[in-house]
Amino acid sequence: MGAVMGTFSSLQTKQRRPSKDIAWWYYQYQRDKIEDELEMTMVCHRPEGLEQLEAQTNFTKRELQVLYRGFKNECPSGVVNEETFKQIYAQFFPHGDASMYAHYLFHAFDITQTGSVKFEDFVTALSILLRGTVHEKLRWTFNLYDINKDGYINKEEMMDIVKAIYDMMGKYTYPVLKEDTPRQHVDVFFQKMDKNKDGIVTLDEFLESCQEDDNIMRSLQLFQNVM
Amino acid sequence: MAAGVAAWLPFARAAAIGWMPVANCPMPLAPADKNKRQDELIVLNVSGRRFQTWRTTLERYPDTLLGSTEKEFFFNEDTKEYFFDRDPEVFRCVLNFYRTGKLHYPRYECISAYDDELAFYGILPEIIGDCCYEEYKDRKRENAERLMDDNDSENNQESMPSLSFRQTMWRAFENPHTSTLALVFYYVTGFFIAVSVITNVVETVPCGTVPGSKELPCGERYSVAFFCLDTACVMIFTVEYLLRLFAAPSRYRFVRSVMSIIDVVAIMPYYIGLVMTNNEDVSGAFVTLRVFRVFRIFKFSRHSQGLRILGYTLKSCASELGFLLFSLTMAIIIFATVMFYAEKGSSASKFTSIPASFWYTIVTMTTLGYGDMVPKTIAGKIFGSICSLSGVLVIALPVPVIVSNFSRIYHQNQRADKRRAQKKARLARIRVAKTGSSNAYLHSKRNGLLTEALELMGTPEEEHMGKSTSLIESQHHHLLHCLEKTTNHEFIDEQMFEQNCMESSMQNYPSTRSPSLSSHPGLTTTCCSRRSKKTTHLPNCNLPAARLRSMQELSTIHIQGSEQPSLTTSRSSLNLKADDGLRPNCKTSQITTAIISIPTPPALTPEGESRPPPASPGPNTNIPSIASNVVKVSAL
């Protein structure tokens, strides 16, 4: 028995067992595949020069620097994909589920619909939101609400948006969130916005209605000093 | 909120513009950025090595030394830098924590030095990232054990002044090196265990013949002597067991422990033997009992650390051994069946049944080959040789694999348990962080209103609300407040939510309300002002004391009339009007009292009722009085 063991162990050390060969080869193949995939995803995007961005947006150089530092910290590859976007946004709303609203936001930021937001897109949108004219802000908001980007907001799209906003509140609210609260909210919204009562809100109706409402006008100026 | 994403707060706030057209109420005003200064580089000189970072990076964690104003104590005016006389190596990790939000533990670092540095910088070690957490915990445990050992040896050296007799005895039993008497006792019991075991063995040796009869084993020849020896040993063991039982700090736990069971099993046969008569029927059972005397050998495990470790090892790899046994059983059954049917044909075959073939299979597979059962048919021989060849594989191969697997799996199990515990701890941490941030928001809401109340009264009496939130926190809370306004609902914590649910199920709302005393049509109302409590139509309904919202709140009525649009589910009280008069210099940031005029339907006159909240547990006992000054009470 001892002799058997001895020969067996020497066999082991001298040559690779065929089963191990197969496993090893398979492992190498998988690793190469993964590396290829990694290379493709590790596309590192560098934004255009600081001067160009400064010219295109309403931010100063310093502000752009601060923004980029924060951006690069969270997304070293230079682009944000939807997952990361959702995760970042969810951190600000610990109570509820911010993923749907983040989804719509992402598609509003991603103008070219490529599935990833580069720093230029990011900064362009921020520039509109924080430093743009009222008209620009309202246009951007209209674009956000218009989920399918067809130029009109219908009730379903608004329902989705409002539901996403209510989702961010979470479960523990006062008063208790009812099932039809979003629907009622949307109804009020449409009452206000839809001038010709045709069930859809066009950009002009939207602009007009918002400009009539003092509240909205005032609140649009709220974030002027963010930065 | 992880401080790492603090840099994205401007983005989140900008995105809030998307809510604006949906909201129907005005938004609260943004917190003012009081000391708006450009982000600057600060220099941290740690024992000569200079680190530089942005000020905002450090301010991400305001409750640490570097993030708070505590670092001003270390500011060197001459060189305009912060000087710390500490270890620069560990400082590297600390600074990376600020930069990345993850705290790492370098393996080469001594655990107590690391802990000291973290304590100095005000960082809790619990936030160490998962990558280094296991290592950190392991080292910490080793260190703790080392400290415990040191303490124990210290304790052993110093004389414990007032230990009771019982405690001394227990210590003597557990640790024989404490006193000479204990050592003597230890050796004596060891000697007797050995004697007893040797007696049991020698008892069965044939001891020469008594003339006139066949050869007898020594036990029967010198039965009296052996009996005396046995009695002596058992008496010693019994005395020892009773003494241990007496000295044990927890008798119940002692009785259940393995060693005491071994003791009992070792001495029981003797007593049972005494009790039983020399009856023919029971003598068989009596003989069986004597087998248990061999358990006395296990008593040695008190004397040998190695034996204990072996027993524990076997216990812990029981599952692996069980699996080995199971696979062996499978192989045995297969081959036994094959051999039985192969040998069925031959005459005078020893393979009378499958269980009888088990013996052949085991002997063959372990390459013992006694030769008492041999196959005679050709098929039997073929299968028999296959059996013995595969025996080598099935039995000989797994044994070293099992041995190495055993150590690997053992450690793996330990790591899996550790990981499970860590996962639980990690989830708990995430939950705590989440609830922390949401609680922070709720807390700051309350605090914010309290500070407003105090500012209103002009007497900053209590400073405890002056817990300054960082700018980032206040901006974050403003963002959450905007969300509340947009949706017309408020964040509350879980307990209040449950209370609300219970209360709403207990009450039913009337559809109309009694006209209030002072109702003004077209009175200013607030559509989504803060509600302090859900006041009900029952004037004397006592709200649970725990439901203490902001004190000086403008309470509202929760009207759930069907004729009312569900948006404006709350109206503020008339106190607003009075309050406005009281606050001529109110900062425009008094967002809670934003007023818009809504034409009120005459049926739903806004009513207000507010009264000082019921006595609430808490430090703000003077607030109710303030509230009563401010607020007018109107009965429902």
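Residue numbers begin at 1 in each chain, while the letters A, B, ... track the order of the sequences.
The shortest heavy-atom contact between A:Leu129 and B:Ala14 is CD1-O, 3.5 Å. Taking all atoms of both residues into account, the shortest heavy-atom contact from B:Pro21 to A:Ile216 is CA-CD1, 3.7 Å. In terms of heavy atoms, A:Phe93 sits closest to B:Leu480 at CD2-CD2, 3.5 Å. The heavy-atom pair separating B:His476 from A:Phe92 by the smallest distance is NE2-O, 2.6 Å. Here the closest non-hydrogen pair linking B:Gly18 and A:Leu144 is CA-CD2, 3.7 Å.
For CZ of A:Phe190, the number of neighbouring non-hydrogen atoms (other residues, nucleotides, ligands) closer than 6.0 Å is greater than 12. A 6.0 Å sphere centred on NZ of B:Lys102 holds no more than 12 heavy atoms belonging to other residues, nucleotides or ligands. Other residues, nucleotides and ligands contribute more than 12 heavy atoms inside 6.0 Å of the NZ atom of A:Lys195. More than 12 heavy-atom neighbours from other residues, nucleotides or ligands sit within 6.0 angstrom of NZ on A:Lys192. Within 6.0 Å of CZ on A:Arg183 lie no more than 12 heavy atoms contributed by other residues, nucleotides or ligands.
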Please step through side chain to side chain contact (heavy atoms under 4.5 Å, CB included) for the pair B:Glu484 and A:Thr173, ending with a clear verdict.
CA-CA 9 Å; B:Glu484 283 185 339; A:Thr173 59; over 6 Å; no
Step by step, work out the side chain to side chain contact (heavy atoms under 4.5 Å, CB included) result for B:His489 and A:Tyr172.
CA-CA 10 Å; B:His489 289 66; A:Tyr172 302 119; over 6 Å; no
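Heavy atoms of A:Val176 lying under 4.5 Å from chain B belong to its backbone as well as its side chain. With a threshold of 4.5 angstrom between heavy atoms, A:Leu220 approaches chain B through its backbone and through its side chain. At a 4.5 Å heavy-atom cutoff, the contact between A:Tyr101 and chain B is made by side-chain atoms alone. If you measure heavy-atom distances from A:Ile128 to chain B, you find no contacts under 4.5 Å at all. Looking at A:Leu105, the atoms closer than 4.5 Å to chain B (heavy atoms on both sides) all sit in the side chain, from C-beta outward. Residue contact with chain B, scored on non-hydrogen atoms closer than 4.5 Å, involves the side chain of A:Val80 exclusively.
Ranked by non-hydrogen atom pairs under 4.5 Å with chain B, the options A:Lys137, A:Lys171, A:Met158 are led by A:Lys171. Heavy-atom pairs under 4.5 Å with chain B were tallied for A:Cys210, A:Ser219, A:Ala102, A:Pro182; the largest tally goes to A:Ser219.
Within the model, atoms CE of A:Met169 and CG of B:Asn488 stand 9.5 Å from one another, a figure rounded to the nearest 0.5 Å. If you take CE on B:Met20 and OG1 on A:Thr141, they are separated by 9.0 Å, rounding to the nearest 0.5 Å.
Checked against a 6.0 Å centroid threshold, the rings of B:Trp8 and A:Phe85 do not count as neighbours. With ring centers used as reference points, B:Phe11 lies under 6.0 Å from A:Phe109.
The backbone N or O of B:Phe491 sits nowhere less than 3.5 Å from a side-chain atom of A:Tyr174 that would complete a donor-acceptor pair. Judged by distance alone, with hydrogens and angles left aside, the side-chain atoms of A:His185 form no donor-acceptor pair with the main-chain N or O of B:Thr487 at under 3.5 Å.
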